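Inspection log for the structure reproduced underneath, given as structure tokens.
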Protein chains: 2
Amino acid sequence: MSEQISSVMLVDDHPLLRKGLKQLLALEDELEVIAEASNGQDAIKLAAELDPDLIILDLNMQGMDGLETLKRMRDEGVTSRIVMLTVSDADEDIVKAISNGADGYLLKDTDPEVLLDQIKKALDGKMVLSEAITQVLATALRRPQAKTPAELNSLTNREYEILHLIAKGMSNKVIARELNISDGTVKVHVKHLLKKLGLRSRVEAAVWMVNQQGGKL
Amino acid sequence: MSEQISSVMLVDDHPLLRKGLKQLLALEDELEVIAEASNGQDAIKLAAELDPDLIILDLNMQGMDGLETLKRMRDEGVTSRIVMLTVSDADEDIVKAISNGADGYLLKDTDPEVLLDQIKKALDGKMVLSEAITQVLATALRRPQAKTPAELNSLTNREYEILHLIAKGMSNKVIARELNISDGTVKVHVKHLLKKLGLRSRVEAAVWMVNQQGGKL
DNA sequence: ATGGGGGTACCTCAAAAGTGGTAGTGCGGT
DNA sequence: ACCGCACTACCACTTTTGAGGTACCCCCAT
């Protein structure tokens, strides 16, 4: 398998960068650049036609950006390995890219040798991430804890407690038993917490809370 | 700052590993091991008393495990940098550790030099993660997309559509207007979808759905 | 064509949720 | 000592939900 020649497609709106990348990849006999595209539309078409083993996709492109291109490719059923290449280390982009099916996220300022190494790893089926990305990724996971929206601070302990239980799907009656208070009292707290949060129902409260918590994470 | 001596506390129920780690850290003049603990209880107490710059915490301990210890330390207001050290690369642990305030997650089979290097990075305020961890982390982020629970397939289009709207916090009436059907009909769909999913209320459905979607990620 | 599933609508009924108000207790701050 | 706030409880009342059931339409598969 490692002896097989892998087909690679480059997508970047900077011809110069494509050239450089191509030269880099040429260092490896088992890598062959079979296509290049300078925009998302062409890339999607070519990807569907040629089904390359690997697609190296620039995140910051004019017109349809890399993220959108990525999404559409996956929608079209492209199963190639896709590695995002970018100057950006904006956390949202990373999370979105991976969520949308990217197999790697590399920075353009990465040392060429390392870059080549990572690209080969990506072809091996591994998820490759630039060193600097790791921290951002971790921070993204951590985020849920970090931010405590102002709204939450306005809640009393009891209200906060009850909000949590609502976010578990519990009814007023169950919450009442859980906290050893009357269900009428629970209603009072729910009423107050809804007002403070500017929500219209416990369902909205539950959804809001689950999102705050970052769901199952 | 880099010239200052940093205090380190080791927490691991294997004396041998503590010994080895201590020797490793002794190689660096600016690192001083000021305390050791072999269980969570002691660790929490010592951490609160000594407030070390860095705590190296074993994840797999008997009794109170590392994750629980981590949580309680943070609850107690311990602000030290805390790095988890472990043999496990179970994704849940990683995500939980970081979510609960760990500043790093290192594997015990890491090359000692690298380990030392990472520990120093951690003291510098960086988030340190073992190479192998990165993939797991990325996979964790990706997970939401991948799985499509069997329950969801049993839903009809209409039911699925309505489930989505419930997960936005909408009431039957609002959903009805949104879909141009009567609210009575919405009720029917809700009833069916609750039965199929084995849930007891729209709140549970909303929470369930939001979690399936992976929340805002 | 006959049957079944999905979608729609309507009915009834009981339970749950939400709104308004009153009111007692306990606690921390002025 | 007094005030405000959190927490508790109860009442009355409206709206929303969810569980039954029946019924009609449409489409597709046997």
Side-chain angles (χ1 to χ4, degrees), chain A residues 145 147-213 215, chain B residues 75-77 147-213 215:
Chain A
Q145 270 60 30
K147 67 169 171 196
T148 304
E151 292 95 332
L152 276 184
N153 296 327
S154 69
L155 297 185
T156 67
N157 289 336
R158 217 32 160 179
E159 287 160 358
Y160 186 72
E161 197 175 7
I162 288 179
L163 177 55
H164 263 109
L165 298 179
I166 288 178
K168 285 187 178 179
M170 293 185 184
S171 70
N172 289 336
K173 204 169 290 183
V174 174
I175 293 175
R177 267 196 289 279
E178 179 82 13
L179 301 180
N180 291 312
I181 58 180
S182 87
D183 61 332
T185 302
V186 175
K187 282 190 182 184
V188 174
H189 292 307
V190 172
K191 179 176 21 175
H192 291 159
L193 118 218
L194 287 179
K195 172 145 283 186
K196 286 183 183 176
L197 298 179
L199 301 173
R200 287 163 228 61
S201 75
R202 70 198 295 99
V203 186
E204 285 189 7
V207 172
W208 185 86
M209 191 61 197
V210 172
N211 280 331
Q212 291 302 322
Q213 293 174 308
Chain B
D75 282 349
E76 297 293 321
K147 68 173 168 194
T148 304
E151 293 94 329
L152 276 184
N153 296 327
S154 70
L155 298 185
T156 66
N157 289 336
R158 216 34 159 179
E159 287 160 0
Y160 186 72
E161 196 176 6
I162 288 181
L163 178 55
H164 263 110
L165 299 179
I166 288 179
K168 286 187 179 178
M170 294 184 184
S171 71
N172 290 337
K173 205 168 288 184
V174 175
I175 293 175
R177 267 197 290 279
E178 180 81 13
L179 301 180
N180 290 312
I181 58 180
S182 89
D183 62 332
T185 301
V186 175
K187 282 189 181 182
V188 175
H189 291 307
V190 172
K191 184 185 0 180
H192 290 159
L193 114 221
L194 287 179
K195 172 146 282 184
K196 286 184 183 175
L197 298 179
L199 301 174
R200 286 164 229 61
S201 74
R202 70 199 296 99
V203 186
E204 285 188 8
V207 173
W208 185 85
M209 191 61 198
V210 172
N211 280 332
Q212 291 302 323
Q213 294 174 308

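Residue numbers begin at 1 in each chain, while the letters A, B, ... track the order of the sequences. Computed from a prediction, not measured in an experiment: that's the story for all the values here.
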What pairs of nitrogen or oxygen atoms, one from the protein and one from nucleotides 5-11 of chain D, lie under 3.5 Å apart?
from  : atom 1 : to       : atom 2 : distance (Å)
D:dC7 : OP1    : A:Arg158 : N      : 3.2
D:dC7 : OP2    : A:Thr156 : OG1    : 2.2
D:dT8 : OP1    : A:Arg158 : NE     : 2.9
D:dT8 : OP1    : A:Arg158 : NH2    : 2.4
D:dT8 : OP2    : A:Arg158 : NE     : 2.8
D:dT8 : OP2    : A:His189 : NE2    : 2.8
D:dA9 : OP2    : A:Ser182 : N      : 2.7
D:dA9 : OP2    : A:Thr185 : OG1    : 3.1

Task: Working for side-chain contact (heavy atoms from CB on, under 4.5 Å), residues A:Ile175 and A:Val190 - done: CA-CA 11 Å; A:Ile175 293 175; A:Val190 172; 5.7 Å; no
Open item on the list: Between B:Val186 and B:Glu178, is the side-chain contact (heavy atoms from CB on, under 4.5 Å) condition met? List the steps.
Closed with: CA-CA 11 Å; B:Val186 175; B:Glu178 180 81 13; over 6 Å; no
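Side-chain contact between A:Val207 and A:Leu199: absent, with no pair of heavy atoms (C-beta onward) separated by less than 4.5 Å. Within the 4.5 Å cutoff, side-chain heavy atoms of A:Glu161 are placed close to those of A:Leu179. For the pair A:Arg158/A:Ile181, a side-chain contact is recorded, criterion being any heavy-atom separation below 4.5 Å from C-beta on.
Separation of atoms NE2 (A:His189) and CG (A:Leu165) is listed at 11.5 Å; rounding is to 0.5 Å.
Between the B:Glu159 side chain and the B:Leu155 main chain, no donor and acceptor come within less than 3.5 Å of each other. Within the 3.5 Å criterion, the main-chain N or O of B:Leu194 finds no donor-acceptor partner in the side chain of B:Arg202.
We find that CD1 of A:Ile166 is positioned 15 Å from P of D:dT17, with the value rounded to whole Å. Separating the CG atom of B:Leu193 from the P atom of D:dG18 is a distance of 10 Å, rounded to the nearest angstrom. Rounded to whole Å, atom C1' of D:dA19 lies 6 Å from atom NZ of B:Lys191.
Nearest heavy-atom pair, A:Val203 versus B:Ala206, reported as atom, atom and distance to 0.1 Å: CG1-CB, 3.8 Å. Residues A:Ala176 and A:Ser182 come closest through the heavy atom pair CB-C, 3.7 Å.
As judged by a 4.0 angstrom heavy-atom cut-off over every strand, A:Arg200 is placed among residues making no nucleic acid contact.
Think of the region where chain B sits on DNA chain C: with heavy atoms and a 4.0 Å cut, that region ends 5' and 3' at C:dG6 to C:dC10.
Listed by residue number, the members of residues 168-176 of chain B with any heavy atom below 4.0 angstrom from DNA chain C form an empty set.
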